[in-house]
Amino acid sequence: MGEHQPVDIDALMAEVRERIRIKREKGIYGPDVEALLRVPLPGGRRIFSDDLQDPLASLAEALDEEVEYDARSRKPIVGPVITYARKVVISLVRWWMGAILERQERINRLLAAAYDYEGQMAPRFGSRLERLEREWKEWREHEVAANLHSVYFQARFGGDETVIRRQSEAFVDLYKGRTRVLDLGSGRGIFLQLLKDKGIGGYGVDLDPRMVAQAREKGLEAHEVDALTHLRQVEAGSIDGLYARHLAEHILPGELVEILRACRRALAPGAPVVFVTPNPKTLTVGAHTFWTDPQHLRPIPPDLFTFYLEVEGFTDVELRTFEPTEKRLSEDVPAGAIRENVKLLNETLFGDRDYAVIGYAPR
């Protein structure tokens with residue numbers, strides 16, 4: 001005997017529907033047949049797919065429908081005992097089921113009040129959400145003084161361009177021979193100009209449109225975009241160097257870790273990364289000058305930043321401190337404990353104001 005082929009129910013039903021459609025168009029089915037087609041099939045309620053065709057009407061019917069249960073048992077001899085036991089159980093759980101149904105009805109009514117019949121949010125719910133979003137945005141802007149004019153702030157607190165250029169020059173040689181170096185938080189384009197002067201290809205990204213405009217006026221490539229967004233958008237391995245001066249202290253630790261992970265993906269094997277940030281190990285920095293910028297969120301201890309790079313897979317990680325504090329205690333004191341204490345105070349209170357953590361993308 002041959003094996004039975006499985007029946008394709010979907011294909012069969014499609015053929016039936018097509019035949020019915022053709023007969024309807026030819027007028028073979030009269031009004032009586034059309035009326036019978038609308039009569040519910042015997043054997044219970046309509047299937048759920050039919051209810052979805054008219055959900056509002058089906059919902060009203062479902063709410064009005066009484067739930068019935070026939071507790072009678074039709075087994076001979078033990079049937080009456082089973083029936084009695086079922087009725088006892090039903091009577092015991094009825095109060096509990098009633099509480100559950102009451103709770104569910106309350107939830108249904110609350111959902112109905114929150115959403116209109118088209119599934120859209122009710123106006124009052126949408127307005128509350130808009131208000132929360134607006135208040136959160138305002139709070140974030142006020143927290144970091146985002147409404148402060150960045151050009152005026154940079155003019156007073158942003159540091160002398162000559163000093164920034166001198167500090168940045170110490171890292172340019174790390175990118176020698178590179179063609180696509182990314183400057184995160186490129187600002188006025190000082191480091192980009194250094195790269196250009198050395199024949200190194202580079203471009204920058206910054207969120208401040210005024211800073212981006214200043215960089216572009218110098219003929220430099222700069223884009224107004226978030227650092228993490230950009231790193232996630234570029235092709236893997238397409239960047240052969242990364243520099244970020246005074247960016248890390250403007251973001252939360254979790255975002256910094258995400259940026260490091262995105263860097264690993266975007267950087268070519270062996271590409272250098274340099275992050276420059278204020279040195280909180282020098283107490284006059286961590287307790288005072290760091291907070292001069294209202295957009296600084298929190299200082300990063302050098303050991304912690306070094307750990308970030310190492311744990312995210314960067315190799316040959318090193319730390320460099322620079323920019324000594326101008327005012328220091330005189331160490332022209334008698335040798336011995338006094339001089340050692342003065343040196344310790346100078347190192348703790350008046351040490352280097354910045355540091356750089358340097359690493360390389362794994363090969």
Side-chain angles (χ1 to χ4, degrees), residues 1-25 28-137 139 252 254 257-258:
M1 296 177 61
E3 294 183 0
H4 294 286
Q5 296 296 327
V7 178
D8 189 340
I9 300 298
D10 293 336
L12 184 60
M13 292 302 298
E15 182 180 351
V16 171
R17 293 191 188 96
E18 180 64 17
R19 291 184 180 183
I20 292 175
R21 185 188 65 79
I22 294 174
K23 290 185 178 181
R24 280 180 175 174
E25 292 177 352
I28 297 175
Y29 289 155
D32 295 338
V33 175
E34 290 288 343
L36 287 173
L37 289 173
R38 294 186 176 87
V39 176
L41 294 174
R45 68 178 67 182
R46 294 176 302 184
I47 59 176
F48 188 64
S49 59
D50 291 336
D51 288 341
L52 291 177
Q53 301 300 318
D54 189 3
L56 290 178
S58 299
L59 177 61
E61 292 178 8
L63 292 173
D64 293 336
E65 183 179 353
E66 293 290 337
V67 179
E68 297 181 357
Y69 174 68
D70 186 1
R72 293 174 299 173
S73 173
R74 293 166 179 80
K75 292 186 177 181
I77 304 176
V78 296
V81 177
I82 295 176
T83 299
Y84 177 75
R86 287 175 177 173
K87 290 181 177 180
V88 171
V89 173
I90 290 173
S91 65
L92 291 175
V93 301
R94 181 171 294 169
W95 65 271
W96 178 61
M97 293 297 298
I100 293 177
L101 292 174
E102 183 179 352
R103 175 177 175 272
Q104 185 61 49
E105 183 178 0
R106 183 170 180 269
I107 292 174
N108 293 342
R109 290 180 180 274
L110 289 173
L111 287 174
Y115 291 82
D116 63 22
Y117 72 94
E118 292 180 348
Q120 303 295 325
M121 284 186 295
R124 61 180 180 276
F125 188 83
S127 61
R128 286 178 61 190
L129 182 60
E130 290 176 0
R131 178 174 59 82
L132 288 173
E133 291 176 343
R134 183 175 62 254
E135 290 177 354
W136 162 253
K137 183 179 179 181
W139 177 84
L252 293 172
V257 172
E258 290 298 322

Enquirer: Please identify each residue that fulfils side chain to side chain donor-acceptor pair (under 3.5 Å) with Glu102, with sequence neighbours left out.
Expert: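 Not a single residue meets the side chain to side chain donor-acceptor pair (under 3.5 Å) criterion with Glu102.
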Enquirer: List for me each residue that meets side-chain contact (heavy atoms from CB on, under 4.5 Å) alongside Leu252, sequence neighbours excluded, and say none if there are none.
Expert: Leu297, Arg298
Enquirer: Going by the rule side-chain contact (heavy atoms from CB on, under 4.5 Å), which residues pair with Lys137 if we only count those two or more places apart in sequence or in a different chain?
Expert: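 By the side-chain contact (heavy atoms from CB on, under 4.5 Å) rule, Lys137 matches Glu141.
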Enquirer: Could you pull out all residues at least two apart from Glu133 that satisfy side chain to side chain donor-acceptor pair (under 3.5 Å)?
Expert: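 Listed in chain order: nothing, the list is empty.
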Enquirer: Who are the side-chain contact (heavy atoms from CB on, under 4.5 Å) partners of Arg103, not counting sequence neighbours?
Expert: Ile107
Enquirer: Got a sec, which residues hit side-chain contact (heavy atoms from CB on, under 4.5 Å) with Glu258, two or more places apart in sequence or on another chain?
Expert: Leu228, Arg232, Arg261
